[in-house]
Amino acid sequence: MRLFLLASFLLTGFTSIAQNPFWFLGQRSGGYTDRFDAHSTVSIGMGSSNYIGDLVPLGGFTQAGIQSMRWNLGAQFTRHFSKNFSARFGLSYVRLAGDDNYFDQNGDFSGSYYRNLHFQNDLKELTVLGVFELMGNKEFIRKRPQFAPYVMAGIAAFSHDPRARKDAVMSNGTLVKGNWISLHGQNTPSEGNSYSLVGLAIPVGVGFRYRLTDDFDLGFEIMHRVAFSDYLDDVSDNRSSISPATSFYTNRSTLSVAPNTLAVRNTTKPTVVPEYSWGVDQYFTTQIQLVYHIPKK
């Protein structure tokens, strides 16, 4: 009888091993490891962009933020290495803008209004980011959570070329805006505006993905960048100490019509100075994304 029980026990054990001969590879402390299946995603998105600098100081953002808002487009590739960590590469086209005429001539930023500068800058940006999944990914793509928040930070490289409009002109009895002109090189070196048209920035951001189907998510992100440049707008703090300005594109306070908005201006300049921001320029974007999870082969 004992021999029969022992034979039955051994037979059962060998049958289990035969069904799963590599059982020991996934067993730790009496349980199976929750392994992660690394995978990749691609995404495209679009949204808004805003700039903070000499033409839209942080203190004046509530007045000029909406009017200076522009747009951005982007595409991203993300490799999810583990449950919490991913690496992402992105390409973006970001338009930034600012205009002194967005401020009230009698308000706290009246000095900026009388300065009468404006700019537009299209940044072509490459980002490399580390992403931390706050709730963690599941071991397989199709087991991912319905809602997945994350934070990210990294480095960005960009090319740019700030532009402004020439003076408004009369055409067939109608006042029309002047053509755009690159501001780089328009001002003299004594104005302290010698700068490169390529630069670096530090991006940090937050976002989330919402699962739509097994393969697609809807994403939303807010990304803030601090640029290693004070010339995304072609204007720098040290211009305030230069008197008189040696270039027309540094001070356009004598124009009766604003070149970018065609607003009729008050040119009676009071004893106020423009509000210059401190430090380097900054910009931030919001983006709605469609995310595709590349299936494993």
**OP:** Determine whether Tyr292 and Thr41 make a side-chain contact, defined as any pair of heavy atoms from C-beta on separated by less than 4.5 Å.
**Re:** no
Subject >> Backbone N/O of Leu117 and side chain of Asp100: donor-acceptor pair under 3.5 Å >> reply: yes
**OP:** Is it possible for you to say whether Leu129 and Leu91 belong to one hydrophobic cluster, with membership spreading through side-chain heavy-atom contacts below 4.5 Å?
**Re:** no
Original post:
Is a side-chain donor or acceptor of Arg95 paired with a backbone partner of Leu123 at a separation under 3.5 angstrom?
Top reply: no
Subject >> Pairs satisfying ring-ring contact (aromatic ring centres under 6.0 Å, His included), at least one member in residues 54-77, at least two apart >> reply: Phe61-Phe284, Trp71-Tyr93
Subject >> In one Ile/Leu/Val/Met/Phe/Trp/Tyr side-chain cluster, 4.5 Å: Leu197, Leu200 >> reply: no
Original post:
Hey, are the side chains of Val42 and Gln76 touching, using non-hydrogen atoms and a 4.5 Å cut-off?
Top reply: no
**OP:** Quick one: closest heavy-atom pair of Ala258 and Asn101, and the distance?
**Re:** CB-ND2, 3.5 Å
Subject >> Test item: Thr254 and Thr267 side chains (from C-beta on) under 4.5 Å apart, heavy atoms >> reply: no
Subject >> Single-linkage hydrophobic cluster Leu262~Leu255, side-chain heavy atoms < 4.5 angstrom >> reply: no
Original post:
How long is the span from the CG atom in Leu290 to the CD1 atom in Ile44, to the nearest 0.5 Å?
Top reply: 6.0 Å
Subject >> Flag if over 12 foreign heavy atoms under 6.0 Å of NZ, Lys166 >> reply: no
Using distance only, find each side-chain donor-acceptor pair of residues 169-179 under 3.5 Å and give its atom names and separation, not counting sequence neighbours.
unit_1, atom_1, unit_2, atom_2, d
Lys177, NZ, Asn260, O, 3.0

**OP:** May I ask you to test the Leu55-Arg115 pair for a side-chain heavy-atom distance under 4.5 Å?
**Re:** yes
**OP:** Measure the spacing between NE2 of His293 and CG of Asp215 and express it to the nearest 0.5 Å.
**Re:** 8.5 Å
Original post:
Considering only heavy atoms from C-beta outward, does the side chain of Asp54 approach that of Asp281 to under 4.5 Å?
Top reply: yes
**OP:** With sequence neighbours left out, write down each residue that passes side chain to side chain donor-acceptor pair (under 3.5 Å) with Glu133, or none if nothing qualifies.
**Re:** Arg209
Original post:
Rounded to the nearest 0.5 Å, how far does OG of Ser43 lie from CG of Leu218?
Top reply: 11.0 Å
Original post:
What pairs with Thr261 under side chain to side chain donor-acceptor pair (under 3.5 Å), at least two apart in sequence or on another chain?
Top reply: none
Original post:
Does Tyr102 have any ring-ring contact (aromatic ring centres under 6.0 Å, His included) partners at least two apart in sequence or in another chain, and if so, which?
Top reply: none
Original post:
Is any NZ, NE, NH1 or NH2 atom of the basic residue among Arg144 and Asp217 found under 4.0 Å from an Asp or Glu carboxylate oxygen of the other?
Top reply: yes
Original post:
Do NZ/NE/NH1/NH2 and the carboxylate oxygens of Arg163 and Asp234 come within less than 4.0 Å?
Top reply: no
Subject >> Of Phe109, Tyr113, Tyr114, the residue whose pairing with Phe103 passes ring-ring contact (aromatic ring centres under 6.0 Å, His included) >> reply: Phe109
**OP:** Might you point out which heavy atoms bring Asn72 and Ser48 nearest each other, and give the distance in Å?
**Re:** ND2-O, 2.8 Å
**OP:** Indicate yes or no for a side-chain donor-acceptor contact from Asn121 to the backbone of Leu232 under 3.5 Å, with no hydrogens or angles considered.
**Re:** yes
Original post:
Quick one: does Val94's side chain get under 4.5 Å of Asp122's, heavy atoms only?
Top reply: no
Subject >> For Ala201 against Ala227, the heavy-atom pair lying closest together >> reply: CB-CA, 3.8 Å
Original post:
Around Tyr210, counting heavy atoms of other residues, nucleotides and ligands shown, do more than 12 lie under 6.0 Å from its OH?
Top reply: no
Subject >> Pairwise distance OG1(Thr285) to CG(Leu73) - rounded to 0.5 angstrom >> reply: 11.0 Å
Original post:
Of the non-hydrogen atoms in Pro259 and Arg252, which two are nearest, and what is the gap between them?
Top reply: CG-NH2, 3.6 Å
Original post:
Under the 3.5 angstrom rule, does the side chain of Gln146 hit a backbone N or O of Arg211 as a donor-acceptor pair?
Top reply: yes
Original post:
What are the two closest heavy atoms between Gln105 and Ser110, and how far apart are they?
Top reply: O-CB, 2.9 Å
Subject >> Test side chain to side chain donor-acceptor pair (under 3.5 Å) applied to Thr127 - qualifying residues, sequence neighbours left out >> reply: none
**OP:** For Met46, look at atom CE and say whether over 12 heavy atoms of other residues, nucleotides or ligands are found less than 6.0 Å away.
**Re:** no
Subject >> Steps toward ring pair (Phe, Tyr, Trp, His ring centres under 6.0 Å) verdict (His80, Phe85) >> reply: CA-CA 6 Å; His80 301 275; Phe85 292 99; over 10 Å; no
Subject >> side-chain contact (heavy atoms from CB on, under 4.5 Å) partner of Thr78, the single match among His39, Arg88, Met152 >> reply: Arg88
**OP:** Report yes or no: do Leu212 and Ile294 belong to one cluster of Ile/Leu/Val/Met/Phe/Trp/Tyr joined by side chain heavy-atom distances under 4.5 Å?
**Re:** yes
Original post:
Which heavy atom in Pro145 sits nearest to a heavy atom in Ala148, and how many Å separate them?
Top reply: CG-CB, 4.3 Å
**OP:** Report the C-alpha distance between Phe132 and Tyr150 in whole Å, list the side-chain angles of each, state the deciding distance to 0.1 Å, and finish with yes or no for ring pair (Phe, Tyr, Trp, His ring centres under 6.0 Å).
**Re:** CA-CA 6 Å; Phe132 181 76; Tyr150 54 89; over 10 Å; no
Original post:
Can you tell me how far NE2 of His224 sits from OH of Tyr283, rounded to the nearest 0.5 angstrom?
Top reply: 10.0 Å
**OP:** Please check if the side chain of His160 supplies one atom and the backbone of Ser196 the other of a donor-acceptor pair under 3.5 Å.
**Re:** yes
**OP:** For the residue pair Phe220 and Thr286, establish whether any side-chain heavy-atom pair is separated by less than 4.5 Å.
**Re:** yes
Original post:
So how far is it from Asp99 CG to Asp233 CG, rounded to the nearest 0.5 Å?
Top reply: 12.0 Å
Original post:
Do the non-hydrogen side-chain atoms of Gln282 and Arg225 ever get within less than 4.5 Å of each other?
Top reply: no
**OP:** Give a yes or no on whether Tyr51 and Ile202 share a hydrophobic cluster (residues Ile, Leu, Val, Met, Phe, Trp, Tyr; joining criterion: side-chain heavy atoms under 4.5 Å apart).
**Re:** no
